[in-house]
Amino acid sequence: MRITDLDAGEAYVVRQSFRDDRGTLVLPGDRMTYERYRAVPVTGAFEIVFREETLVLHEDRQSDVCEHAEWFLSVDE
């Protein structure tokens with residue numbers, strides 16, 4: 001599942017820690033409610049907007065998170 005496949009309004013729990021392109025550390029157990037994403041022109045990055053935090057993920061540097069979001073996030077049940 002790509003990071004862009006997240007469902008708006010859905011709450012996710014972090015399963016595995018990762019850092020975004022600005023150095024923000026996201027830790028297991030963090031709960032994040034997805035709102036939307038926006039491609040950042042020319043840079044190859046996405047702004048992933050959660051209610052709690054906005055993350056910047058670069059398709060090359062954070063390719064594992066961008067391409068395999070299910071390894072890092074699961075739906076909060």
Side-chain angles (χ1 to χ4, degrees):
M1 169 177 76
R2 286 188 48 83
I3 196 74
T4 55
D5 294 333
L6 298 179
D7 292 321
E10 190 76 65
Y12 293 88
V13 176
V14 177
R15 299 171 56 169
Q16 179 178 333
S17 65
F18 63 94
R19 284 191 188 273
D20 80 344
D21 210 46
R22 295 180 302 187
T24 302
L25 178 60
V26 182
L27 297 170
D30 286 353
R31 185 178 183 278
M32 305 173 80
T33 306
Y34 178 71
E35 292 185 347
R36 66 185 178 284
Y37 80 93
R38 181 179 78 86
V40 180
V42 183
T43 65
F46 294 100
E47 279 187 349
I48 309 298
V49 180
F50 292 95
R51 192 170 301 146
E52 299 79 6
E53 180 83 40
T54 297
L55 303 175
V56 176
L57 300 174
H58 192 278
E59 282 198 282
D60 292 333
R61 291 186 286 273
Q62 288 86 27
S63 62
D64 50 349
V65 180
C66 290
E67 294 295 326
H68 301 285
E70 72 278 6
W71 295 351
F72 298 89
L73 302 168
S74 61
V75 175
D76 186 18
E77 297 180 23

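Residue numbers count from 1 along this sequence. Keep in mind that the numbers below use all heavy atoms, side chains included, and drop hydrogens, waters and symmetry copies.
Using a 4.5 Å heavy-atom cutoff, the side chains of Met32 and Leu55 are in contact. When side chains are defined from C-beta on, Val26 does not count as touching Phe50, because their heavy atoms never get closer than 4.5 Å.
Taking CG from Leu6 and CD1 from Ile48, the interatomic distance works out to 7.0 Å, rounded to the nearest 0.5 Å. Here Glu59 contributes atom CD and Asp21 contributes atom CG; the two are 11.5 Å apart, rounded to the nearest 0.5 Å. From Asp20, atom CG reaches atom CD of Glu53 across 7.0 Å, with rounding to the nearest 0.5 Å.
Partner of Leu57 under the side chain to side chain contact (heavy atoms under 4.5 Å, CB included) criterion, chosen from Gln62, Arg19, Arg22: Gln62.
For residues 7-17, no residue pair satisfies the salt bridge (charged side-chain N to carboxylate O under 4.0 Å, His left out) rule, not counting sequence neighbours.
Hydrophobic clustering (ILVMFWY, side-chain heavy atoms < 4.5 Å, transitive): Val56 and Phe18 are in distinct clusters. In the hydrophobic cluster analysis, where Ile, Leu, Val, Met, Phe, Trp and Tyr join through side-chain heavy atoms closer than 4.5 angstrom, Val65 is grouped apart from Val49.
Shown here for Arg61 and His58, the closest heavy-atom pair between the two residues is NH2-CD2, 3.2 Å. When all heavy atoms of Gly9 and Thr33 are compared, the pair lying nearest together is O-CG2, 3.9 Å.
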Sequence neighbours excluded and cut-off under 3.5 Å, please list the side-chain donor-acceptor pairs for residues 37-46, or say none.
from: Arg38; atom 1: NE; to: Glu47; atom 2: OE1; distance (Å): 3.4
from: Thr43; atom 1: OG1; to: Val40; atom 2: O; distance (Å): 3.0
from: Thr43; atom 1: OG1; to: Ala45; atom 2: N; distance (Å): 3.2

Identify each donor-acceptor pair in which a side-chain atom of residues 70-77 lies under 3.5 Å from a protein atom, sequence neighbours left out, and give them as a table.
from: Glu70; atom 1: OE1; to: Met1; atom 2: N; distance (Å): 2.8
from: Asp76; atom 1: OD2; to: Arg31; atom 2: NE; distance (Å): 2.6

